[in-house]
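These notes concern the structure reproduced below.
Here is the naming used below: chain letters follow the sequence lines, and residue numbers restart at 1 for every chain.
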Amino acid sequence: MKVAALAGAAIAVAAGVASAQSITAEADLTAGVSTENVRAGSTQARLFGATASDWRFLSEISLAATSGHPSDAFNAAYPYTGRFHAMELFVEKTFHPSAYVVGFRAGRYRTPFGIYSRGEYGYSGFVRPPLIRYGRDFALSNTSLEAGVNLLAGLPQLFAETSIGVPSDEGELHRRPGLDVTARVQGYYRTLIVGVSHGHSGRDRALGDFAQGDARFTGFDGRWMWSGLQLRGEWIFGRPFDGVTTRGGYIDFAIHRRALGPVTPVVRAERLDYDAGPFSLFEHRFTGGARVQLLQWLTGNLNVIHQPHGLAANRVNVVDAGLTVSLRR
Amino acid sequence: MGAPLFVLLCLLSGGPSAGVELRGTALAGGKPVADAVIWIDLPGAPRAPQGKVVLDQRNLSFYPRVLAVQVGTKVDFPNHDRVFHNVFSFRDGKRFDLGLYPVGAVKTIPFDQTGLSRVFCNIHPGMAAYIMVVDTPAFVVSDRSGKFVLTDVPAGTFTYHAWRPGGEILNGSIWVYAGAVLDVQWR
């Protein structure tokens, strides 16, 4: 089913490209280093566009690797395995009947749970994913992908989004085969955007026979923005499998003001409680940093991280730095 | 000016009060330039009626990439993507920050001062557009082949201006009459 879904999406994308009215190619090249003894390099290439009748398509591949100490540094939105990964590959169409919005997406896409789009991981200047979105912690994973259909309906002010498909994950977390369902409701009023998400899918394949049952998570997310100040956060709770619970979240704050020029300062506080008896993890992390637009095509990220306890394998204080070259044609 | 010359000028310009078409080409280094804005000063000219003006966000891009409007125009910024966008313009011209907004939502900004606004999305650094605000009803944006047509321009001698992304503003004088051609050229 997974192969069939991907093949269908690929054919649809190929048909879209063949008759495309506009096509854009993008590439991001990132190099980074962390005092946690991590070095990283990555490349992502995307091809997206629209047909004359406004069918949209997007395809993306990623090649990324880290060396040094095992860490979640530079894992914000892509797997760092040293291999090529096909990431998103979908077609979509959105309709605007009267004041409503109706849309669907078919193919392979990021799991629509909480704050989930690729751009939002990268926007805020953080080199690392939130702890709740780092698959190794038995929570969500930023590299979870669905092969299926995503439907959206409602008003711009309040709409529901439902994904029905099968897991098609990349990266460290790979869910067992089976039906995945993720539902999300989102509303906004003035400068406040809030969402509620619920997902039900198979547990991680890497778990042994001691783990039974499916993964189920519920989450709340919110964004508030005013005059260049942005507050953003997520809180999730649920279970990666029977008998254990995961809960946690993050809140981050970014300042995007003219007076700061190309610098966007960011701070984040986060926690993750993985309650699994003797295997429990209770993690906290605080991050301060900045995203700097050095040139139109060159961006720098600098993060200072304090992780007081729980991340025993890592250092308490860490500095991450990365440079990204972005090309578009 | 003698009567025969006046008659000749009237014939060439289509009459003393009727507007004419002014065609031209925008060139840079001898090659056609798309998305160049050309406008002509018409002191005292009435404001041109302008329908809904839209700078669309679709497919992680702004459409059009270059928009020209007359001062006082309200521009809609609809989000037709399924991801959030955050449109802002800080650098010069009209300064604004529309904040995050989702698919189907529309925000509107009045452009009440002349000049160039550079518009970006602070989530998607690849998105960029220009809005040139001019104080005249006679303006146009060149097409893919660098060509443009200004319609209903009164006959006479006027000052013109031209700008293109990455280029400086060119200024000059043009004698407008029926059949006149305006080629603007950047080195």
Can you name the closest pair of heavy atoms from B:Arg82 and A:Gly103 and give their distance? NH1-C, 3.8 Å
Looking at every non-hydrogen atom in both residues, tell me the closest pair between B:Ala105 and A:Pro156 and how far apart they are. N-CB, 3.8 Å
Does any non-hydrogen side-chain atom of [Y] lie less than 4.5 Å from one of [X]?
{"X": "B:Met127", "Y": "A:Arg328", "answer": "yes"}
{"X": "B:Phe84", "Y": "A:Ser117", "answer": "no"}
{"X": "A:Arg232", "Y": "B:Leu100", "answer": "no"}
{"X": "B:Tyr63", "Y": "A:Ser22", "answer": "yes"}
{"X": "A:Thr24", "Y": "B:Leu60", "answer": "no"}
{"X": "A:Arg56", "Y": "B:His80", "answer": "yes"}

With chain A, which of B:Gly126, B:Gly99, B:Ser61, B:Ala128 has the greatest number of heavy-atom pairs at distances under 4.5 Å? B:Gly126
Which of [options] touches chain B most, by non-hydrogen pairs under 4.5 Å:
{"options": "A:Thr299, A:Ile193, A:Leu327", "answer": "A:Ile193"}
{"options": "A:Gln186, A:Glu26, A:Gln293", "answer": "A:Gln186"}
{"options": "A:Thr191, A:Leu152, A:Leu155", "answer": "A:Leu152"}

Could you tell me which portion of [X] (side chain, backbone, both or neither) has an atom closer than 4.5 angstrom to a non-hydrogen atom of chain A?
{"X": "B:Arg95", "answer": "side chain"}
{"X": "B:Asn59", "answer": "both"}
{"X": "B:Val83", "answer": "side chain"}
{"X": "B:Phe88", "answer": "side chain"}

Heavy-atom cut-off 4.5 Å, strictly under: side chain, backbone, both or neither for [X] against chain B?
{"X": "A:Phe159", "result": "side chain"}
{"X": "A:Thr94", "result": "side chain"}
{"X": "A:Gln157", "result": "neither"}
{"X": "A:Phe48", "result": "both"}
{"X": "A:Arg105", "result": "both"}
{"X": "A:Asp28", "result": "neither"}

Can you tell me how far apart CZ (B:Phe90) and NE2 (A:His256) are? Round to the nearest 0.5 Å. 4.5 Å
Between CG of B:Asn122 and CZ of A:Arg291, what distance do you get to the nearest 0.5 Å? 7.5 Å
Flag yes if more than 12 heavy atoms outside A:Tyr100 fall under 6.0 Å of its OH atom; otherwise flag no. no
Atom CD of A:Gln296: over 12 foreign heavy atoms under 6.0 Å: no
For salt bridge (charged side-chain N to carboxylate O under 4.0 Å, His left out), just list the numbers for B:Asp97 and A:Arg258, CA-CA rounded to whole Å, side-chain angles, deciding distance to a tenth of an Å, and then say yes or no. CA-CA 10 Å; B:Asp97 185 343; A:Arg258 176 181 166 78; over 6 Å; no
